[in-house]
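Remarks on the structure that follows.
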Amino acid sequence: MKPTRFKPQLRLFQIITVIGLSLAANYGYVLWTWPELTDDALNESVSINLAVALSQRGPHLAPDKAATERLREQIRSEIIGQHAEAREKVERRFGIGLLLSVIGCVQLLTSRSTR
């Protein structure tokens, strides 16, 4: 009797399932450890960015109090928007990973049941 070698056959939907589970696990961990944007961190970031923006303008273009407050609010909304956009991007990738894993599992289960 001739010895045979075991050859694992990876099908497309098995690979899709593994990729989906990997993406979901990775981005799920990122979401799990996502840092919250606290008021202290937000105020500190706004202060730093406001100081940078004012130093780039120079002394001749220094804004008055009302313009400085408008600039502060604009910087604050930009920081909040960037943080929300980054979280949404991670959530979308997590959802794609879950979707791929579900599609792969459903196809694998249906192909097993039809055999």
Side-chain angles (χ1 to χ4, degrees):
M1 193 166 171
K2 191 176 186 181
T4 60
R5 298 185 87 188
F6 176 70
K7 292 182 183 178
Q9 294 180 353
L10 290 178
R11 296 192 178 114
L12 176 65
F13 286 102
Q14 290 172 337
I15 294 171
I16 288 175
T17 304
V18 170
I19 289 172
L21 288 173
S22 300
L23 285 174
N26 182 32
Y27 289 111
Y29 178 74
V30 170
L31 282 175
W32 186 269
T33 60
W34 190 264
E36 290 297 321
L37 190 60
T38 62
D39 286 336
D40 294 335
L42 181 62
N43 290 335
E44 183 178 336
S45 182
V46 167
S47 299
I48 291 171
N49 286 330
L50 181 64
V52 168
L54 291 177
S55 70
Q56 289 175 348
R57 288 184 176 205
H60 301 295
L61 299 174
D64 58 345
K65 293 270 188 198
T68 304
E69 286 305 313
R70 281 195 311 268
L71 183 60
R72 180 182 297 276
E73 288 304 314
Q74 179 184 359
I75 290 172
R76 182 182 185 87
S77 65
E78 286 175 2
I79 291 172
I80 292 172
Q82 288 173 352
H83 190 265
E85 183 180 344
R87 183 173 174 97
E88 183 180 319
K89 185 177 181 181
V90 171
E91 288 173 348
R92 190 177 309 119
R93 290 180 179 176
F94 175 70
I96 289 171
L98 287 178
L99 182 66
L100 285 176
S101 62
V102 167
I103 289 171
C105 287
V106 167
Q107 177 61 28
L108 288 173
L109 290 175
T110 56
S111 68
R112 298 255 176 173
S113 66
T114 56
R115 280 193 222 162

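In what follows, every heavy atom counts, from backbone to side chain, and hydrogens, waters and symmetry copies are set aside.
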Apply side-chain contact (heavy atoms from CB on, under 4.5 Å) to [X] and list each qualifying residue two or more places apart in sequence or on a separate chain.
X: S22; value: V18
X: E44; value: I48
X: I16; value: L12, F13, L100
X: V102; value: V106

Counting C-beta onward and ignoring hydrogens, is there a side-chain heavy-atom pair between L108 and R11 closer than 4.5 Å?
no
A side-chain contact here means heavy atoms from C-beta on lying under 4.5 Å apart; do I103 and Q107 qualify?
no
Output a table of donor-acceptor pairs, distance under 3.5 Å, between side-chain atoms of residues 63-73 and any protein atom two or more places apart or on a different chain; print 'none' if there are none.
| residue | atom | partner | partner atom | Å |
| --- | --- | --- | --- | --- |
| D64 | OD1 | A67 | N | 3.2 |
| T68 | OG1 | D64 | O | 2.8 |

Identify, with sequence neighbours excluded, every residue that meets side-chain hydrogen bond (donor to acceptor under 3.5 Å, both in side chains) alongside R92.
E88
With Q82 via side-chain hydrogen bond (donor to acceptor under 3.5 Å, both in side chains) - residues at least two apart:
none
Can you check salt bridge (Lys or Arg N to Asp or Glu O under 4.0 Å) on E85 and K89, steps first, answer last?
CA-CA 6 Å; E85 183 180 344; K89 185 177 181 181; over 6 Å; no
Quick check on the hydrophobic clustering: are Y27 and I96 connected, directly or via other members, by side-chain heavy-atom contacts under 4.5 Å?
yes
Quick check on the hydrophobic clustering: are L98 and L23 connected, directly or via other members, by side-chain heavy-atom contacts under 4.5 Å?
yes
Which pairs with one or both residues in residues 45-55 pass side-chain hydrogen bond (donor to acceptor under 3.5 Å, both in side chains), sequence neighbours excluded?
none
Distance-only check: which donor-acceptor pairs under 3.5 Å involve side-chain atoms of residues 35-43, not counting sequence neighbours?
| residue | atom | partner | partner atom | Å |
| --- | --- | --- | --- | --- |
| T38 | OG1 | A41 | N | 3.3 |
| N43 | OD1 | R76 | NH1 | 2.9 |
| N43 | ND2 | D39 | O | 3.1 |

Under 4.5 Å between side-chain heavy atoms, chaining through other members, with only Ile, Leu, Val, Met, Phe, Trp and Tyr counted: pull out the rest of the cluster around W32, sorted by chain and number.
none
Is there any ring-ring contact (aromatic ring centres under 6.0 Å, His included) pair reaching into residues 80-109, and which pairs are they, with sequence neighbours excluded?
W34-H83
Hey, what do you get for CG (L31) to CG (N26), rounding to the nearest 0.5 Å?
10.0 Å
